[in-house]
Amino acid sequence: MLVHLSIHNYAIVDHLDLELDGGMSAISGETGAGKSIMLDALGLCLGDRADSGVVRPGADKADILASFDLADIPEARAWLAERDLDSDGPCILRRVITAEGRSRGYINGSPCPQADLKALGELIIDIHSQHEHQSLLKTDTHRRLLDEYAGSQELARQVQLAAQRWKQTRNELERISSQGDEQRARHQLLSYQLEELENLALGENELEQLEQEHKALSNAEALLGACRQVLELCSESDAGNVLSALTASLNRLGAFGGQGGALAEASNLLASAQIQVEEAVGELNRFVDHFDADPQRQQFLEERLDSIYTLARKHRIQPGELAALQQQLFEELENLNADDQAGERLSEELAAYERHYQEKAAELSALRSSAAERLAAAVEQEMQALGMPGGRFSIQLQAINSEEPHANGLEAVEFLVSANPGQPLRGLAKVASGGELSRISLAIQVITAQTSRVPTLVFDEVDVGIGGPTAEVVGQLLRRLGERGQVLCVTHLPQVAAQGHQHLFVHKRRGVDATSTAVSKLDETGRVEEIARMLGGVDLTEESLAHARKMVTNAQAA
C-alpha cells in the first residue's frame, strides 16, 4: 500500500509530506484547495505524462516521491526482482520534472523509463478518476477481473503459455518449411557430389603414392640409364671403378700396418666407404633387376590421377583437399536430414500444443461463462444502491475469430453498462458521465475486491451527482473496501467522509507573496468540525456539530 507521499514544487504545492495508513482515508477540502493536485502528482509517479507547466512558478523543478509497502503484492516484488530493482525496504517511485520540460523517473533510486513506472504502478495502485488513469476502461482489466472472480488465473496463465508455445513452434516450422524448395535442391546436389567422391574412393596418402609412382614410370628409361652408369662407375668398368680403386688404396696402406694415428683412421674410413659403395651397388642392382616399366600400369596411373585432378578442379580446391571436402559435404547433408526430421517432429508438437490449448481454453471459457453471470448480477445489484435505479450491467464474451490459438483464450471479455433505464448497453469506455463511471467502477471493485491483486484503490470524487441515502451507501461501500486494503477517496459529501477510518483535510496556506496547498490529518475534534462544514453551515453551530458527531459515531459503530 501507499505509505508516504512527498511533493515538492508541484503546481501550488510548495512542500508536502504525507504519511498514509491502511483502511479508508477520506480527503476533503474547499473547491480549488488542491485535492485533485495530490492525485495528479501521484499519477506522475505512476507514469502519467507531464509537462513543464506543472512546476511551481519560481522553482527549477518539481519532485514527487511515493513510497509503497509491497509485502502483500508478490506480483510487484517479482516484477522488481526480474529487473534487479528490488530493495529490502519500501519501494520508492520518484518523478522529477524540470522547468524546461524534461522528465526523469526512478524506481528505488535507479533511473527508469516512463513505461516502467506505468507498468509497476498498475500492479500496486488503481486510480479511479474522471476518465484518467482508469484501468477499468481497458478490456484487459475486464478479462483479468473476471478471471480473478472466477478463480481461473492459473488456468488463464496455462492458456496463455500454451498459445505462446504453439506460436513459437509454428514459427520454427514455418522457418524450416520456407526453406523447403531450396533445401531439396541443396540436398540433391550434395547427394550427387558425395556420390562422386565416394565413387572416387580416394585412400589415405594415395595421391602422394600415385604421384611418386607415376613420376618414376614417366622417367623409366632415363632412370635405368642413370642406374647402369652408376653401376659401371662403381664396380663394372674394366678401365677402373670406385670399388677397385678403394681396394687398391686399402692394400697400399695395409703394407704399412701398425702405424696408428691418422694413417689408421684413414684406413678405417676407406674401409667404411668400400662397404657403403658395395651396399649401394647391391641396392642399385636390385632396383634394376626388379624395375617394371609396364606401359599399362603407367596408363592406369595417368587415368587415376586425371580423375582426382578433374574432381578437384570441379570443386575449385587442391587435390589434397578432397577428403576434407567429402567430410564437410557429409556433415551438411546430415544437418539437412536432421531438419527434415525436425520438421516432422515440430508438426507433431504443433498438433499436440493445439490440442492442449483447445482443452485448456474450453475449460477456461466454461469458468468465465459461469462467473460472468454471477459477477454481472452482483454488480448490477450494487448499481441500484448507488443511485442508478434501473441501471444494467452485463459481461459480454465475444468469440475471437482467429485461426490460431489466442493468448487470451477463445473469447474477448468486455464490461457493458446502461446507467439509466431505456438506454442500450454500451462499453464502459463509452459511458459519458465521469461520476457514473466512477460509481460503476466502485460497484465492480466492491464485488471483486476479495480477489483483486491491487491493494490500493483511489477514487476521485466518486460522489459527483449523488446525495442523500445514495451518498451514505457509497461511503459504506468505500469503507468495506478499506477494510480489505487501502482506499483514498476525494469527496465533497459528509456522508462519505464520515465513513473514513481517517480524514485528511486539504486547505490553502496563504503567505505574503504566495499561496500553497497543505494537508492535515484531522483528529477526532477536527474531523467532526470538517464534516459539520461539509454539511453546509457557514458558521459551525451546536446542531451541525452534533449532527456531524453522530454521523462519525454511527459510521465507526457500523
Side-chain angles (χ1 to χ4, degrees), residues 1-2 20-28 35 39 125-130 134-137 141-142 145-146 148-149 374-393 395 415 417-420 428 431 433-504 527 531 534 551-558:
M1 69 176 187
L2 178 64
L20 294 156
D21 301 315
M24 174 186 170
S25 295
I27 303 173
S28 68
K35 300 183 295 299
L39 302 187
I125 191 169
D126 199 357
I127 298 182
H128 296 267
S129 59
Q130 313 247 341
Q134 179 54 276
S135 66
L136 278 172
L137 295 178
T141 302
H142 301 176
L145 288 173
L146 177 59
E148 289 178 351
Y149 184 78
R374 301 195 309 273
L375 178 58
V379 172
E380 190 170 293
Q381 183 178 353
E382 293 288 355
M383 287 171 60
Q384 312 307 311
L386 287 173
M388 286 180 282
R392 293 180 296 144
F393 185 85
I395 300 177
F415 291 170
V417 66
S418 171
N420 301 295
L428 273 178
V431 174
S433 167
E436 289 176 342
L437 177 60
S438 294
R439 280 177 281 161
I440 293 167
S441 300
L442 175 61
I444 295 171
Q445 290 293 345
V446 168
I447 301 302
T448 61
Q450 291 181 326
T451 55
S452 176
R453 64 180 182 179
V454 180
T456 299
L457 303 174
V458 179
F459 294 92
D460 187 5
E461 300 185 5
V462 296
D463 48 22
V464 172
I466 62 174
T470 302
E472 188 170 353
V473 171
V474 170
Q476 292 171 352
L477 294 179
L478 290 171
R479 184 177 178 88
R480 283 166 51 192
L481 279 179
E483 290 170 355
R484 301 188 182 100
Q486 183 185 44
V487 171
L488 306 178
C489 176
V490 175
T491 182
H492 290 284
L493 295 180
Q495 297 96 322
V496 174
Q499 295 289 335
H501 295 92
Q502 49 270 331
H503 195 136
L504 304 177
R527 185 176 186 182
I531 292 176
M534 296 173 72
M551 292 175 66
V552 173
T553 301
N554 291 341
Q556 306 304 318

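Side-chain contact between L2 and Q486: present, with at least one pair of heavy atoms (C-beta onward) separated by less than 4.5 Å. Two residues are said to be in side-chain contact when any heavy atoms from C-beta on lie closer than 4.5 Å; V379 and V417 fail this criterion.
A pairwise comparison of heavy atoms in S28 and H503 identifies OG-NE2, 2.6 Å as the closest pair. In terms of heavy-atom proximity, L375 sits nearest to I395 at CD2-CD1, 3.6 Å. Nearest heavy atom pair, residue V487 against residue G482, reads CG2-N, 3.6 Å. Between G23 and Q502, the shortest heavy-atom contact is C-NE2, 4.0 Å.
Atom CZ of R527 and atom CG of L504 lie 10.0 Å apart (nearest 0.5 Å). Going from atom CG of L481 over to atom CD1 of I447 covers 9.5 Å, rounded to the nearest 0.5 Å. Note that the CG atom of L39 and the CZ atom of F459 stand 12.0 Å from one another [nearest 0.5 Å]. Distance check: M383 CE to I444 CD1 gives 8.5 Å after rounding to the nearest 0.5 Å.
Checking each of R479, Q476, M24, E472 against V496 for a side-chain contact (heavy atoms from CB on, under 4.5 Å) leaves exactly one that passes, namely M24.
The ring-ring contact (aromatic ring centres under 6.0 Å, His included) check on F415 picks up H142, F393, with sequence neighbours excluded. Residues that satisfy the side-chain contact (heavy atoms from CB on, under 4.5 Å) test with M551, not counting sequence neighbours, are P494, Q495, A498, I531, L535, H547. Under the salt bridge (charged side-chain N to carboxylate O under 4.0 Å, His left out) criterion, R480 pairs with E382, sequence neighbours left out.
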